[in-house]
Q: 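Right, I'll just put the structure down here and ask away after.
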Amino acid sequence: MAEADCGVRAAIGLGSNLDDPEQQIERALLVLAHLPQTEVLARSRSYRSPPWGLAAQPEFVNAVASVRTLLAPPQLLAALFEIERAAGRERGGERWGPRRIDLDLLTYGAQRVALPGCQVPHPRLAERAFVLVPLAEIAPELVVPGLGRVDALLERLPRVERDAILPLPPRLRT
Ligand code: PH2
Ligand code: MG
Ligand code: MG
């Protein structure tokens, strides 16, 4: 995005637990950086995280990116959905089940959106250490509308849950 200072800052969560999760995340971040009218401002490291919601599945890799975008929330969500589709994600699996790649819109500026299929901030953000740990790495002071600062939200989670989210060493080649 050439226009330097316009657009809205949004946070996007990435997760994968199938087919080389680390590489799925790196690829998705590359594609994200090429979205029209969207610039990636920062990304977290990738973290290993125990599966949340459905225990009997492989460990996840999670990361968070901060973007500035001129796309409206439904357009941005559609673009994230298209990245998932192009990466070969198969839909229709179990809720909270294994997936090749998942991109979730976590926050969109100070806005709150409640449309069918488009809820921002992400409704389960505050319960998820695999979101808050990487988000706190790149945006601890970010205020999640209606919920407060990211670092404070993270503090509220049980230490065992926070401590289970472990940064991966940087990859030499992706
Ligand atoms: N995503 C889910 C369900 N459970 N667990 C972890 N650790 N990371 C995820 O990204 C994740 C999950 C559904 O979106
Ligand atoms: Mg998700
Ligand atoms: Mg999703």
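What you see below is based on every heavy atom in this structure, not just the backbone, and it leaves out hydrogens, waters and symmetry mates.
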Q: Begin with the C-alpha distance, continue with both residues' side-chain angles, and end with the deciding distance and a verdict on side chain to side chain contact (heavy atoms under 4.5 Å, CB included) for Val133 and Tyr47.
A: CA-CA 9 Å; Val133 170; Tyr47 291 79; 3.6 Å; yes
Q: Using a 4.5 Å cut-off on heavy atoms from C-beta on, say whether the side chain of Asn62 contacts that of Ile165.
A: no
Q: Say whether Ile101 and Trp52 are linked into one hydrophobic cluster, either directly or through other cluster members, by side-chain heavy-atom distances under 4.5 angstrom.
A: no
Q: For Gln111, look at atom CD and say whether over 12 heavy atoms of other residues, nucleotides or ligands are found less than 6.0 Å away.
A: yes
Q: Might you work through the side chain to side chain contact (heavy atoms under 4.5 Å, CB included) test for Arg124 and Trp96, ending with a clear yes or no?
A: CA-CA 12 Å; Arg124 285 169 297 279; Trp96 295 327; 3.8 Å; yes
Q: Using a 4.5 Å cut-off on heavy atoms from C-beta on, say whether the side chain of Leu168 contacts that of Arg48.
A: yes
Q: Within the structure provided, determine whether Leu71 and Thr38 are in side-chain contact (heavy-atom separation under 4.5 Å).
A: yes
Q: Out of the candidates Leu135, Leu14, Val64, only one should pair with Ser44 under the side-chain contact (heavy atoms from CB on, under 4.5 Å) rule; please name it.
A: Val64
Q: With clusters defined by side-chain heavy atoms of hydrophobic residues (ILVMFWY) lying less than 4.5 Å apart, directly or transitively, does Leu157 cluster with Leu147?
A: yes
Q: Arg149 versus Leu142: any side-chain heavy-atom pair under 4.5 Å?
A: no
Q: Under 4.5 Å between any side-chain heavy atoms of His122 and Leu105, yes or no?
A: no
Q: Just wondering, are more than 12 heavy atoms of other shown residues or ligands nearer than 6.0 Å to CZ in Arg9?
A: no
Q: Can you check whether Asp102 reaches Arg89 side chain to side chain, under 4.5 Å on heavy atoms?
A: yes
Q: Using the rule side-chain contact (heavy atoms from CB on, under 4.5 Å), only one of Leu32, Asp104, Val31 pairs with Leu80; which is it?
A: Leu32
Q: Classify the ring geometry of Phe130 against Phe60: parallel below 30°, tilted from 30° to 60°, perpendicular beyond 60°.
A: parallel
Q: Cut-off 3.5 Å, side chains only: do Asn17 and Gln57 have a donor facing an acceptor?
A: yes
Q: After noting the C-alpha distance and the side-chain angles of Val113 and Tyr108, does the key distance pass the side chain to side chain contact (heavy atoms under 4.5 Å, CB included) rule?
A: CA-CA 9 Å; Val113 184; Tyr108 186 89; 5.6 Å; no
Q: Decide yes or no for Glu26 and Ser46: does some side-chain heavy atom of the first lie under 4.5 Å from some side-chain heavy atom of the second?
A: yes
Q: Report whether Leu166 and Val160 are members of the same hydrophobic cluster (ILVMFWY, side-chain heavy atoms less than 4.5 Å apart, transitive linking).
A: no
Q: Please determine whether side chain to side chain contact (heavy atoms under 4.5 Å, CB included) holds for the pair Val40 and Leu35, giving the CA-CA distance in whole Å, both sets of side-chain angles, and the decisive distance to 0.1 Å.
A: CA-CA 9 Å; Val40 174; Leu35 280 188; over 6 Å; no
Q: Can you tell if the side chain of Leu153 reaches within under 4.5 Å of the side chain of Leu125, non-hydrogen atoms only?
A: yes
Q: With Glu84 as reference, evaluate Arg91, Arg99, Arg27, Arg100 under the salt bridge (Lys or Arg N to Asp or Glu O under 4.0 Å) test and give the passing residue.
A: Arg91
Q: Please report the C-alpha distance between Arg85 and Glu82 in whole Å, then the side-chain angles of each, then the deciding distance to 0.1 Å, and finally whether the salt bridge (Lys or Arg N to Asp or Glu O under 4.0 Å) criterion is met.
A: CA-CA 5 Å; Arg85 196 202 56 75; Glu82 174 56 23; 2.8 Å; yes
